[in-house]
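Note: hydrogens, waters and symmetry copies are ignored here, and every other heavy atom, side chains too, is used. Lettering follows sequence order; numbering is per chain, from 1.
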Amino acid sequence: MALRLYNSFSGQKEGFKPLVDNQIGIYVCGITAYDDCHLGHARAAVVFDVIIRYLRHRGFKVTHVQNITDIDDKIINRAREKGVSCKELSEHYTGKFHRDMEALGVARPDMEPKATGHIQDIIRLIETLVSKGYAYAAEGNVFFSVEKFPGYGRLSHRSLEEMQAGARVEIDSRKRNPMDFALWKASKPGEPSWESPWGPGRPGWHIECSAMSIRYLGETFDIHGGGQDLIFPHHENEVAQSVAATGKPFVRYFVHNGFVTINGEKMSKSLGNFLTIKEILSGYHPEALRLFLLSKHYRSPLDYSEDLIREKQVSLDRIYTTLSEAMEISATSAPQPDAGISLPPEVEDAYTRIRDLKKLFYEAMDDDFNTAQAMGHVFDAVKGINTLLQISKKGPDQACRAAIGFAVSAIREVGQVLGLFSTDPKSYLEGRRAEKLSKLSLTADQIRDLIHQREEARAKKDWAVADALRKKLAGANIILKDSPQGTTWEIKE
RNA sequence: GGCGGCGUAGCCAAGUGGCCAAGGCAGCGGUCUGCAAAACCGUUAUUCACCGGUUCAAAUCCGGUCGCCGCCUCCA
């Protein structure tokens, strides 16, 4: 089984081979800390979280570096509006970002460098570019000369001529070519600034990623990730700066995740459809959001709607319900390997789904991290467990129990890669019930009382009264489940 | 205007040359149940936007048409 991933450089899937055996350096562009994180950030975070988890699961030693941009125009403007310092503003939003990521179950990167912590690296890199003739100073600014770099446009697959034809960049008389971009920006009075050979100023946006990735991962590293919108100009410029400065290849594989739209429209503040991570998590379980984000291939556009996220929440509930029942029944028997299990022929199909889960899951993930397909296999295994559970309920069956135990451990293993099913099923379901109960007009005690009345009626075979009570509770969104062990209840979504 | 992507059942979605076109949601029929719920079984695309071409063989490759979207400016 070989891992294949889509490389934005070539525009196709390529076999993956790290620079150093079993070691991977990956740099993912992080946030600019000036506002709350939204659904788009969630997708990028979860996608790369799963990619990194999978690479580690496969045995690679992964070094994950993710920057935080804590100085740039947007931060300066927002800080001015709010009357706080840039440092205060960026620290405030960095904190919120960390809380969002934690809620989403996204693992912290190994390193999280900040632009302001690497000013000297940045200045040195710019000096190299100037001395090699790739960059020039003008009125306290330093610009990168795109014409000097022959490979410019290789990543975004466009030529300099094409870009200029449709260019909407404003004319800047200090630039030699309109497509030249700032490595260093002279600071205006009142703006944060650092001393440099070109006077007081601050770094341009793209240079920090070159400087920090080179520092922590080396001049050439394996994977660079980010949202598709970063391909141009951000990553194109990073490549130009880095290759020009080091004379070596910069990134071997560029991986870009697709965009999120909301009800078919691009998310934007002016449209009023800007959804923050916090808002979504106030209504849905974090794993439901993860499940939603992973239900489509990471490179395709993903459309968000209430109906779709609710559907994922229901799917997640269903899986946890199955896991909960499975763990109850298999609790007495340790998970057995598949050898020696002999099952009735009618459940062979179910058992095959369980036995093949891991293999199929890895195959799907190996094919450019196809989480949508991988989830299909998980659902197959869930169905397999449910089939075996039915047999088990009819009478104790050691082989079934062993197979169920095996299936639960397999689902939990692949769940670790996806960041799903990490909660104890019992506590998950209790949590969900408490959540739904809080939105109900009835209390748990009232419900129990009504169920008790119905039990009495049923004992007398007074079906009319029993059905009336069922109906009454159904009206309040309570579904009753009768079983030989008694009546349990659930709340309809 | 330039570049790129997408169009698969009521909805979401995988599949990019060849076994009956995964999986989820919703629907319908059945098993179970006093009735239900859950679960399971069966069923729901002779067809992959449309037209033409290549091939023994195409949802999958090529050309064209229509529709939707993204990027080219800060953006995950």
Exercise. Under 6.0 Å between ring centres, would you say that holds for A:Phe361 and A:His377?
Worked result: no
Exercise. With sequence neighbours excluded, what pairs up with A:Phe9 under the ring pair (Phe, Tyr, Trp, His ring centres under 6.0 Å) test?
Worked result: A:Phe254
For this session: Kindly say whether A:Ala466 contributes a backbone atom to a donor-acceptor pair with the side chain of A:Arg454 at under 3.5 angstrom?
Result: yes
Problem set entry | Rounded distance (Å) that lies between atom C1' of B:C32 and atom CD of A:Gln485 | 15 Å
For this session: Report yes or no: is the ring centroid of A:Phe259 under 5.5 Å from the six-membered base ring centroid of B:G70, with the two planes under 30 degrees?
Result: no
For this session: Counting Watson-Crick and G-U wobble pairs only, both distances under 3.5 Å, name the nucleotide matched with B:A49, or none.
Result: B:U65
Exercise. Starting at CG of A:Asp317 and ending at P of B:G24, how long is that distance when rounded to a whole Å?
Worked result: 16 Å
Problem set entry | Distance, C1' atom - from B:G7 to B:C48, rounded to whole angstrom | 10 Å
Problem set entry | Donor-acceptor pair, side chain of A:Asp222 and main chain of A:Ile26, under 3.5 angstrom | no
Exercise. What integer number of Å spans the C1' atoms of B:G53 and B:U60?
Worked result: 15 Å
For this session: Compare the minimum distances between each of B:C74, B:G34, B:G15 and the side chain of A:Asn370, then state the nucleotide with the smallest one.
Result: B:G15
Problem set entry | Rounded interatomic separation in angstrom, taking NZ from A:Lys492 and P from B:C25 | 15 Å
Exercise. Applying the side chain to side chain donor-acceptor pair (under 3.5 Å) test to A:Tyr284, which of A:Glu279, A:Lys312, A:Glu306, A:Glu435 qualifies?
Worked result: A:Glu306
Problem set entry | A:His157 side chain to A:Leu155 backbone, donor-acceptor under 3.5 Å | yes
For this session: Kindly write out the residues that satisfy side-chain hydrogen bond (donor to acceptor under 3.5 Å, both in side chains) with A:Ser145, not counting sequence neighbours, or none if the list is empty.
Result: none
For this session: Could you tell me the separation between the NE2 atom of A:His256 and the P atom of B:C3, rounded to a whole number of Å?
Result: 20 Å
Restricting both atoms to N or O, compile the protein contacts to nucleotides 16-23 of chain B shorter than 3.5 Å, with distance only.
none

Exercise. In whole angstrom, what separates A:Met179's CE from B:G2's C1'?
Worked result: 12 Å
For this session: Answer yes or no: is there a donor N or O on one side and an acceptor on the other, between the side chain of A:Lys296 and the main chain of A:Pro301, under 3.5 Å?
Result: yes
Exercise. What nucleic acid atoms does A:Gly40 come within less than 4.0 Å of, heavy atoms only: base, sugar-phosphate, or nothing?
Worked result: base
Exercise. Does A:Lys278 NZ have over 12 foreign heavy atoms under 6.0 Å away?
Worked result: no
Exercise. Counting just side-chain N and O atoms, does A:Asn386 come under 4.0 Å of either OP1 or OP2 of B:C40?
Worked result: yes
Problem set entry | side-chain hydrogen bond (donor to acceptor under 3.5 Å, both in side chains) against A:Arg174, all qualifying residues, sequence neighbours excluded | A:Asp172
For this session: Report yes if at least one side-chain N or O of A:Trp463 is closer than 4.0 Å to OP1 or OP2 of B:A36; otherwise report no.
Result: no
Exercise. Which comes earlier along RNA chain B counting from the 5' end, the contact point of A:Asp482 or that of A:Lys74, where each point is its nearest nucleotide?
Worked result: A:Asp482
Problem set entry | Distance, P atom - from B:C71 to B:G63, rounded to whole angstrom | 26 Å
Exercise. Which base sits across from B:C40 as a Watson-Crick or G-U pair, both distances under 3.5 Å?
Worked result: B:G30
For this session: Write down the distance between CZ (A:Arg158) and C1' (B:G70), rounded to a whole number of angstrom.
Result: 11 Å
Problem set entry | Validation row, ring centre A:His64 to ring centre A:Phe48 under 6.0 Å | no
For this session: Ignoring the backbone of A:Ala466, work out which of B:C40, B:C72, B:G34 is nearest its side chain.
Result: B:G34
For this session: Tell me, please, whether A:Tyr320 has A:Arg432 positioned over its six-membered ring: NZ or CZ under 6.0 Å from the ring centre and within 45 degrees of its axis?
Result: no
Problem set entry | Identified pairing partner of B:U60, criterion: Watson-Crick or G-U wobble below 3.5 Å | none
Problem set entry | Nucleotide nearest A:Arg318 (side chain, heavy atoms from C-beta), chosen from B:C75, B:A36, B:C25 | B:C25
For this session: Return the residues of residues 291-310 of chain A meeting this criterion: a heavy atom under 4.0 Å from some atom of RNA chain B. Order them by number, or give none.
Result: A:Ser295, A:Lys296, A:His297, A:Leu308
Exercise. When rounded to the nearest Å, what value does the distance between C1' atoms of B:A14 and B:A57 take?
Worked result: 23 Å
Problem set entry | Rounded distance in Å between the C1' positions of B:U46 and B:A59 | 14 Å
Can you check nucleotides 27-30 of chain B for protein contacts, nitrogen or oxygen pairs under 3.5 Å, and list what you find?
none

For this session: May I ask which nucleotide in the shown strands pairs with B:G1, Watson-Crick or G-U wobble, both distances under 3.5 Å?
Result: B:C72
For this session: Give the ring-plane orientation class for A:Phe292 versus A:Tyr304, where under 30° counts as parallel, over 60° as perpendicular and anything between as tilted.
Result: perpendicular
Problem set entry | Opposite nucleotide pairing with B:C35, Watson-Crick or G-U, both atom distances under 3.5 Å | none
For this session: Answer with yes or no whether A:Arg470 presents, from its side chain, a donor or acceptor under 3.5 Å of a partner atom in the base of B:A36.
Result: yes
Exercise. Which value, in whole Å, describes the distance between the P atoms of nucleotides B:G18 and B:G24?
Worked result: 24 Å
Problem set entry | Side-chain donor-acceptor pair present, A:Asn77, A:Glu81, cut-off under 3.5 Å | no
Exercise. Does B:A13 have a Watson-Crick or wobble partner in any strand here, with both distances under 3.5 angstrom, and which is it?
Worked result: none
Exercise. If the C1' atom of B:U54 is compared with that of B:G64, how far apart are they to the nearest Å?
Worked result: 15 Å
Exercise. B:A76 C1' sits how many Å from A:Ile68 CD1, rounded?
Worked result: 14 Å
Exercise. Taking the nucleotide of RNA chain B with the closest heavy atom to each, which residue, A:Pro233 or A:Arg353, is nearer the 5' end?
Worked result: A:Arg353
For this session: Using the C1' atoms only, state how far B:A38 lies from B:G30, rounded to an integer number of Å.
Result: 16 Å
Exercise. Is there a donor and acceptor pair, one atom on the side chain of A:Asp467 and one on the base of B:G34, closer than 3.5 Å?
Worked result: yes
Problem set entry | Interatomic distance where NZ belongs to A:Lys461 and P belongs to B:G34 [whole Å] | 8 Å
Exercise. Counting distance only, does the side-chain N/O of A:Glu287 pair as donor-acceptor with the main-chain N or O of A:Phe421 below 3.5 Å?
Worked result: yes
